There are 2 protein chains.
Amino acid sequence: MLSKKAKYALQALTLLTKEYGRGPILISDLAEKERIPKKFLESILLSLKNKGILQSKMGKGGGYLLGKPPDSITLGEVIRILDGPLAPLPCVSQTAYRKCDECEDEITCGIRPVMKEVRDETARILDGTTLSDLLNNVESLTRRRKETLVFHI
Amino acid sequence: MLSKKAKYALQALTLLTKEYGRGPILISDLAEKERIPKKFLESILLSLKNKGILQSKMGKGGGYLLGKPPDSITLGEVIRILDGPLAPLPCVSQTAYRKCDECEDEITCGIRPVMKEVRDETARILDGTTLSDLLNNVESLTRRRKETLVFHI
DNA sequence: TTAATATTCTACTATATTGATAGAATAAAT
DNA sequence: ATTTATTCTATCAATATAGTAGAATATTAA
């Protein structure tokens, strides 16, 4: 399961994507609009900043903004920063390989190839989806709902 | 990440698959062979028994055995019992749907369709892989390694 | 029917992770 | 200087994970 940290991050980033190119947004605005505890969001945004996903400006007129174009930021990138590797076992992670501690002999482990496939499919999807895609999703889903509402009047 | 519980379960089940049809195996034998803390394995096997994956026999000559044929037990089934739903968000789980607590409006959430795809691919793989497949993996990997060793003599 | 064997049940305990908060320090703008 | 915001340090509560101890129960066999 995705942690709240990662979920909150994606929510805040979606908002920052919507406002991309229009200057910095306050933490408190993001927190209020997405109903995220402000101090908690603060630490999330800071981690994202330290990894280059976000930029920040201190003082009046300051706040947070995307550190690069939204079509160059993938969900995989963001989730790995907040929740760690996507792989279900350390021994099949591409970005953070580690031997499983219990594992005697990785080469003949029958579980590994299956988990490798899970990690590859997960990475394919999440590394192939950008913040722009996320915003497009929201917009097309919102459009679709409005049409349905009109139809029902 | 898979918990140790689920990993241990799959290791023990692989062994029980190998011995399928040859009567019950002692917890202590499973624990020793797979280097799993015995008391911990005990509780894992009990959960699997309560869900019909395993059968048990008490007393002398007792132990654990598969509750149904190994080609009818999927990894998805086992992992859900020990780690809960496969889905990265409760709102995209097929077997344990719940509304995300923070989520105002699920219908227009841009994250949801992506996570739905992740859960669908994960379920496709894990519900499509059985204990027999796991054992086949081990055996073909072991064969392949032996051939390589011979080649190097 | 008693002893031995093995699972089952109840109840803990330690450690790590998750989700969050408080307050001082620092930087920028006016 | 004052105001505005992020940044840093420290801490905290709740929950989940990993593991342990020991008594209770069921089965077999002598």
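Just so we're on the same page: letters track the sequence lines, and every chain starts at 1. Quick caveat: nothing in here was measured; it's all calculated off a predicted structure.
We find that CG of Asp83(B) is positioned 20 Å from P of dT15(D), with the value rounded to whole Å. Rounded to an integer number of Å, the gap from Leu45(B) CG to dT7(C) P is 9 Å. The distance from atom CG of Leu48(A) to atom C1' of dT6(D) is 15 Å, rounded to the nearest whole Å. Taking atom CG on Asn50(B) and atom P on dT10(C), their separation rounds to 11 Å, with Å as the unit. Regarding Met1(B), its CE atom lies at a distance of 11 Å from the P atom of dT18(C), rounded to whole Å. In this structure, CG of Leu46(A) is placed 17 Å from C1' of dG19(C), rounded to the nearest angstrom.
Listed in residue order, the members of residues 93-105 of chain A having a heavy atom less than 4.0 Å from DNA chain C come to none. A heavy-atom distance below 4.0 Å to DNA chain C is reached by these residues of residues 6-36 of chain A, ordered by number: Tyr8(A).
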Determine all donor-acceptor pairs shorter than 3.5 Å in which one atom belongs to a side chain in residues 33-46 of chain B; sequence neighbours excluded.
residue  : atom : partner   : partner atom : Å
Glu34(B) : OE1  : Gln11(B)  : NE2          : 3.0
Arg35(B) : NH2  : Glu104(A) : OE1          : 3.1
Ser43(B) : OG   : Phe40(B)  : O            : 2.9

Which pairs would a plain distance check flag for residues 2-10 of chain A, meaning a side-chain donor or acceptor within less than 3.5 Å of a matching protein atom at least two apart in sequence or in another chain?
residue : atom : partner   : partner atom : Å
Ser3(A) : OG   : Lys5(A)   : N            : 3.4
Ser3(A) : OG   : Ala6(A)   : N            : 3.2
Ser3(A) : OG   : Asp83(A)  : OD1          : 2.5
Ser3(A) : OG   : Asp83(A)  : OD2          : 3.3
Lys4(A) : NZ   : Asp101(B) : OD1          : 2.9
Lys7(A) : NZ   : Glu102(B) : OE1          : 2.7

Give the table of side-chain donor-acceptor pairs shorter than 3.5 Å for residues 23-32 of chain B, with sequence neighbours excluded, one pair per line with atom names and distance.
none

Would you tabulate the nitrogen or oxygen pairs shorter than 3.5 Å linking the protein to nucleotides 20-24 of chain D?
residue : atom : partner  : partner atom : Å
dG22(D) : N7   : Lys39(B) : NZ           : 3.4
dG22(D) : O6   : Lys39(B) : NZ           : 2.3

Dump the pairs, protein N or O against N or O of nucleotides 11-17 of chain C, anything under 3.5 Å, distances to one decimal.
none

Which protein N or O atoms sit under 3.5 Å from an N or O of nucleotides 2-4 of chain C?
none

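Using a 4.0 Å cut-off, some side-chain N or O of Lys57(A) falls inside it from OP1 or OP2 of dA29(C). For the pair Lys49(A) and dT7(D), the criterion of a side-chain N or O lying under 4.0 Å from OP1 or OP2 is met. Contact check, Lys5(B) against dA16(D): no side-chain N or O comes under 4.0 Å of OP1 or OP2.
The main-chain N or O of Asn136(A) is never found under 3.5 Å from a side-chain atom of Glu139(A) such that the two would form a donor-acceptor pair. Listed for the Thr142(A) side chain is a donor-acceptor partner under 3.5 Å among the backbone atoms of Val138(A). A donor-acceptor pair under 3.5 Å links the side-chain atoms of Ser72(B) to the main chain of Pro69(B), judged by distance alone.
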Applying side-chain contact (heavy atoms from CB on, under 4.5 Å), run through Arg143(B) and Ser140(B) and close with a yes or a no.
CA-CA 5 Å; Arg143(B) 238 187 340 267; Ser140(B) 82; 3.5 Å; yes

Derivation of the side-chain contact (heavy atoms from CB on, under 4.5 Å) call for Val114(A) and Ile125(B):
CA-CA 8 Å; Val114(A) 186; Ile125(B) 296 164; 3.9 Å; yes

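In this view, Tyr20(A) satisfies the ring pair (Phe, Tyr, Trp, His ring centres under 6.0 Å) rule with no residue, not counting sequence neighbours. Residues satisfying the side-chain hydrogen bond (donor to acceptor under 3.5 Å, both in side chains) criterion with Glu117(A), sequence neighbours excluded, are absent altogether.
The nearest pair of heavy atoms linking Leu86(A) to Ala123(A) is CD1-CA, 3.8 Å. Considering all non-hydrogen atoms of both residues, Asn137(B) and Gly110(A) come closest at ND2-O, 3.0 Å.
Using modelled atom types and a 3.5 Å distance limit, the side chains of Thr108(A) and Asp105(A) yield a donor-acceptor pair.
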Once pairs are restricted to Watson-Crick or G-U wobble with both distances under 3.5 Å, how does DNA chain D read as a dot-bracket string, [ ] for crossings and | for other-strand pairs?
||||||||||||||||||||||||||||||

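Side-chain contact between Cys91(A) and Tyr97(A): present, with at least one pair of heavy atoms (C-beta onward) separated by less than 4.5 Å. Using a 4.5 Å heavy-atom threshold, the side chains of Asp120(B) and Lys116(B) count as touching. Between Lys99(A) and Glu106(A) there is a side-chain heavy-atom pair separated by less than 4.5 Å. Inter-residue side-chain proximity for Arg112(A) and Val92(A) is flagged as met; some heavy-atom pair is nearer than 4.5 Å.
Under the side chain to side chain donor-acceptor pair (under 3.5 Å) criterion, the residue pairs touching residues 121-135 of chain B are Arg80(B)-Asp127(B), Glu121(B)-Arg124(B), Thr130(B)-Asp133(B), with sequence neighbours excluded.
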